[in-house]
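Encoded as structure tokens, the structure appears first; notes follow it.
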Amino acid sequence: MKRAEFAFPGPLRDKLVGAILDGTKTTTSALLAGYEIDGEAPPAVGERELVVDSADKGVAIIEIREVRVVPLSEVDLAHAVGEGEGFTTVAEWRADHTSFWHAAEVRAELGDPEFTVDDTTLVVATRFTIVERIG
């Protein structure tokens, strides 16, 4: 089963996994470029993934309900709110995600120390539900 790793291990992953487990996080966003660099396809509707925490322990299984590849400028409010991080506007979501995607860890993962996002950057916007809790 494919693993669902939200952010990098540490406080942000712990926060996101907690939001998944309490039901407030039902969407997630990733850069299409990240999938391309890893040679992977984005998730597919109906696919199930094992959510892992910062200790690399499986905590839940999610099922993908919707996948859209859209330019950053087309991410909508419903998706931003579904991220479960308290965003009330797309602008808040975008500022937070832009900061994350411009971080040294993401740039290193992409192999581009100067990587930046703009309105045309392709984002994989995924909606999911928990189908099983583990532990």
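When a residue number appears, it is its place in the shown sequence, counting from 1.
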(message) Please determine whether salt bridge (Lys or Arg N to Asp or Glu O under 4.0 Å) holds for the pair Glu83 and Lys25, giving the CA-CA distance in whole Å, both sets of side-chain angles, and the decisive distance to 0.1 Å.
(response) CA-CA 5 Å; Glu83 290 265 1; Lys25 182 170 181 61; 2.8 Å; yes
(request) Verify side-chain hydrogen bond (donor to acceptor under 3.5 Å, both in side chains) between Ser54 and Arg13, making sure each step is shown before the conclusion. (result) CA-CA 6 Å; Ser54 288; Arg13 179 176 290 176; 5.0 Å; no
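In this structure, the side chains of Leu31 and Leu110 come closer than 4.5 Å at one or more pairs of heavy atoms. The closest side-chain heavy-atom distance from Ser29 to Trp101 is below 4.5 Å. You'll find the side chain of Glu92 reaches within 4.5 Å of the side chain of Thr88, heavy atoms only. With a 4.5 Å cut-off on side-chain heavy atoms, Val70 and Asp76 do not count as touching. Side-chain atoms of Arg68 and Glu74, non-hydrogen and from C-beta on, never get closer than 4.5 Å to each other.
Side-chain heavy atoms closer than 4.5 Å link hydrophobic residues (I, L, V, M, F, W, Y) into clusters, and following such links, possibly through other members, connects Leu16 to Phe100. The hydrophobic clustering, which links ILVMFWY residues whose side-chain heavy atoms are closer than 4.5 Å, places Phe8 and Phe115 together. Residues Val131 and Met1 fall within the same hydrophobic cluster, defined by Ile, Leu, Val, Met, Phe, Trp and Tyr side chains chained together at heavy-atom separations under 4.5 Å. Side-chain heavy atoms closer than 4.5 Å link hydrophobic residues (I, L, V, M, F, W, Y) into clusters, and following such links, possibly through other members, connects Val124 to Leu122. Residues Ile61 and Ile130 are members of separate hydrophobic clusters, defined by side-chain heavy-atom contacts under 4.5 angstrom among Ile, Leu, Val, Met, Phe, Trp and Tyr.
Note: Thr121 OG1 to His97 NE2 = 13.5 Å, rounded to the nearest 0.5 Å. To the nearest 0.5 Å, atom CD of residue Glu132 and atom CD1 of residue Ile62 are 12.5 Å apart. To the nearest 0.5 Å, atom CH2 of residue Trp93 and atom CG of residue Leu77 are 11.5 Å apart. A distance of 13.5 Å separates CZ of Arg65 from OG1 of Thr126, quoted to the nearest 0.5 Å.
Sorted by first and then second residue, the salt bridge (charged side-chain N to carboxylate O under 4.0 Å, His left out) pairs with a member in residues 103-130 read Glu66-Arg127, Arg94-Asp119; sequence neighbours excluded.
Between Pro43 and Tyr35 the shortest heavy-atom distance is CD-OH, 3.3 Å. Here the shortest heavy-atom pairing between Leu21 and Ala60 reads CD2-CB, 3.9 Å.
Every residue was checked against the salt bridge (charged side-chain N to carboxylate O under 4.0 Å, His left out) condition with Arg133, not counting sequence neighbours, and none meets it.
A 6.0 Å sphere centred on NZ of Lys2 holds more than 12 heavy atoms belonging to other residues, nucleotides or ligands.
Looking at Val52, Ile134, Val17, Leu50 one by one, the single match for side-chain contact (heavy atoms from CB on, under 4.5 Å) with Val59 turns out to be Val17.
Judged by distance alone, with hydrogens and angles left aside, the side-chain atoms of Asp38 form no donor-acceptor pair with the main-chain N or O of Glu40 at under 3.5 Å.
Remark: the Thr116 side chain and the His102 side chain contain no N/O donor-acceptor pair separated by less than 3.5 Å.
Between Phe128 and Phe6, the two ring planes are tilted [angle within 30° to 60°].
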